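These numbers were taken from a predicted model, which means no experiment stands behind them. All chains are named by letter (A, B, ...) in the order of the sequence lines, taking the proteins before the strands, and each is independently numbered beginning at 1.
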Amino acid sequence: MTDTIEEKVYDPAVIEPKWRAKWQDAAIYKVENTTGQPNWMSLTMYPYPSGVLHVGHWFAFSIPDVFARAQRMRGYNVMYPMGFDSFGLPAENAAIKHNIHPAKWTYENIDDMTRQFDLMGAMIDWDRKVITCDPEYYKWNQWFFLKMLEKGLAYRAGGSVWWCPNDQTVLANEQVVDGNICDRCGAEVYKRDLEQWYLRITDYAQELLDGLDGLDWPERVKTMQRNWIGRSEGARLSFALEDGKTLDVFTTRPDTVFGATFMVLAPEHPYVAEITTPEQRAAVDEYVKKARTKTEIERQSTDVDRQKSGVFTGAYAINPVNDARIPIWIADYVLMTYGTGAIMAVPSGDTRDFEFARQFDLPIIPTVQPTNGEPLDGATMTEAYHGDGIVVNSGPFDGMTQSEALPKMIEWLSEQGRGQAEISWRLRDWLISRQRYWGTPIPVVYCDTCGMVPVPEDQLPVVLPLDAEFKPTGQSPLITHESFVNTTCPQCGGAARRETDTMDTFIDSSWYWFRYASPHDDTAPFDRIAAEEWNPVALYCGGIEHAILHLLYARFFTKVIRDLGMIDVDEPFSRLRNQGMILSEDGRKMSKSRGRQIGPDELVAAHGADALRLHLMFLGPWEQGGPWNDRGITGMERFIRRAYTVVEELGTTQSGAASGSDAERSLTALQHRTIKRATDQIDSFGFNTMVSALIEYVNELMKLKETDIVTSPVWRDAVETLVLLMAPATPYVAEEMWEMLGKPFSVHQQSWPVYDSALAVEATIEIPVQINGKVRDRVIVPSGATADDQLAAARALEKVVALIADKQIVKEISVPGRLVNIVIK
RNA sequence: GCGGGCGUGGCGGAAUGGCAGACGCUGCGGACUUAAACUCCGUUGGGGAGACCCGUGCGGGUUCGACUCCCGCCGCCCGCACCA
């Protein structure tokens, strides 16, 4: 009893804190901007500090950490930075609810989440952390704003925003759910007109569209951005009104202008009040009033088989091509926010116009006849025709094909001064004002003599006062903060008032990754040299929910920053990967308010962070996500224990010389095949199958450790490879095992094992032998066997001989290293 | 309506046109234990005593060979949606 060697037992509760402290003391995650190695920024969308991390966060952060660690072992100087997107509504809401200051709430959450990132074992250099609600950071939001103001990219204009009558506040679009419901209190919200600040993202529409082509991003995200940007080619046409005004419309089908039999204005169109005749006034006013109370969703939905509605204004326009007098209607299917807010209606060629015409008995004139089938007749046709065909009823263009006529028509309209080619965009300028407290103050003042004056750069930051009253009152909270609001004009020195709106928090996240390169620079948002070492970002990971807004804004900011001459980068993120969402066990979103969050702390206490990391990797394809379950986590613990046992027992075996036996060759082959699988699967984000490869490897080693091979140096090499391959996925236990192997600290500063295809080949392989495509037997052949060798071996098999004895052989297929198939009749 | 994705055991899932269900969980049987937990071994798609047969949403097709490719359906999920 006394002389038995004490067996070490895997105990994550002991080894995880031990190595966490050691890593911190040794600062092994400290990142330098330049080393001898190529830089690789492995960026993950920084979290909102909403409380503690749940397993969904771990899924989003620990798996990119695995990738980053593998990259580091593969010879890159890797930065896996982290920060906190810490301005925003939830801090205010929590503050109001719990009567705690947003700053206190935010910083407490940051502390909690930082602890959990460390628990996870994430490879984060905290010296580089970015906290966006820190004046040191948001100062540069203000600086960028001033630069954009200078370049005319920031401007102030009227606009309508969502208003919640219950909370007495304006809401961001993201805070409005189900069309018109306040996300926070459930009240019905509506739109109000307010003066707002905008950024001219539309100036970059074409480049934002074109730039997508060269990016290694999920096609889905690129498509969503293309749809959002929404480029349409067409023409702008001018219609004369009877009162002398002209009405411009945008159309993608200028070739159908001869079929325009009426016009439609959006109810909000400025002409509505001016052109409506006295007889129609009452009906029009009522319609406009009704349209305003409808939500966008109601107005735009098509699936409630809702009929078109509209009202005649009493006014007429002149069709510029044939001088036809056509009525002007208003209808809510025309949107003020797209094109010119007015359309020429061509019922024969447009489904919506067709429905409207039938509903209100307006004339329908076909302008394109399909080349096959019955000719269309405006009186009898049952749906609009969009296809190609022969142009009719169109004066000089009759007889051309539709595709021929289109460019000619634009040319002709142009010559007549009645229109020109135009490109229309769905993308709107970015509204950045928020009537909220917890955000970056917009750095301008209003002076009675000088008007709007930007705060000079050397007076930045305009600090957000911490002692403001921020409960919702119906206006920007800072308005009531006298010492903030009242200031002097930087131009004339007279009395002035500060802007009290704050910036959209998407501004913060539009450039934060540049800051990681030089997080403490107090002379500029980032140091150019340092930023160029790390940009463009090699890999960006995050949720699909940011497919449009954040990723589009970030691309926009990057281009603006480039045009400010600050960095030579066109696109911020070369490669993008989206994780799926981890749902609660019942398949719903893991929302905090509904108490469906699964916390990692208990799981780590019970199973260890390494096992939890493996479990998250193993749940399924990372890009897919799915409902959470903790059933499989015990399997991951078993795997770790087995690996631990293999390493632990190695210490007790003696090393001899390599014998060159088949067993040794076979083990080395397995080792190298595993290296290849693990490496390839990390590259392709197949973390679940990477874990499978490791498990299979350990299972084999478990069997082999009962054989003589354990005395061979080949065995030791195979075990060391196991530990290295596990290092990214299970950083704690890998470090422990590395130490058990007598290796110097740290396993995370070692090189990734190198795959050697020559060593990965077994002496012999087993291949299936099929008769008529059905497996009937297997045969062992030397691994270099030719097709003929395989076939001969297969045909020598007793079972095969019996099966083909009295049959005619039609065909024999032999694929070296794969199979043999004999087709018989 | 348009665009994209996905349908494989009890469950999560795996398969460059080449042994379907790797790997894990669960279940079952066994070893160890006074007992249990842990651990280890075996087994685990369905049918059949068995040789074998059936089986990747459904129906066709291409191929020596199809989860994989093609055509036509069905179902589910996501995005966009009266964008002129």
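- For the side chain to side chain contact (heavy atoms under 4.5 Å, CB included) test, residues two or more places apart in sequence or in another chain that qualify with Leu583(A) are Met581(A).
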What protein N or O atoms touch nucleotides 8-11 of chain B N or O atoms at under 3.5 angstrom, if any, and at what distances?
unit_1 : atom_1 : unit_2    : atom_2 : d
C11(B) : O2'    : Arg631(A) : NH2    : 3.4

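- The base-pairing partner of A35(B), taking Watson-Crick or G-U wobble contacts with both distances under 3.5 Å, does not exist among the strands shown.
- Comparing Leu619(A) and Glu637(A) against RNA chain B, the residue whose closest nucleotide sits nearer the 5' end is Leu619(A).
- RNA chain B lies under 4.0 Å from at least one heavy atom of each of the following residues of residues 690-707 of chain A: Ser692(A), Ile695(A), Glu696(A), Asn699(A).
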Tabulate protein N/O versus nucleotide N/O from nucleotides 52-57 of chain B, keeping only pairs under 3.5 Å, one per line.
unit_1 : atom_1 : unit_2    : atom_2 : d
C53(B) : OP1    : Arg776(A) : NH2    : 3.2

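- Taking the side chain of Phe618(A) as heavy atoms from C-beta on, and the options C23(B), C38(B), C40(B), the nearest nucleotide is C23(B).
- With rounding to the nearest 0.5 Å, the separation of CZ in Phe618(A) from CG in Asn688(A) is 7.5 Å.
- The pair Arg642(A)-Glu648(A) fails the salt-bridge criterion, with no side-chain N (NZ, NE, NH1 or NH2) lying under 4.0 Å from an Asp/Glu carboxylate O.
- Between Arg577(A) and Asp216(A), at least one side-chain N (NZ, or NE/NH1/NH2) sits under 4.0 Å from a carboxylate O, which counts as a salt bridge.
- In this view, Glu700(A) and Leu670(A), Lys703(A) satisfy the side chain to side chain contact (heavy atoms under 4.5 Å, CB included) rule, not counting sequence neighbours.
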Per-nucleotide protein contact string for nucleotides 14-21 of chain B (B base, S sugar-phosphate only, - none; heavy atom under 4.0 Å)
S-B-BB--

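- You'll find that the side chain of Tyr333(A) is closest to C82(B), out of C82(B), A84(B), C25(B).
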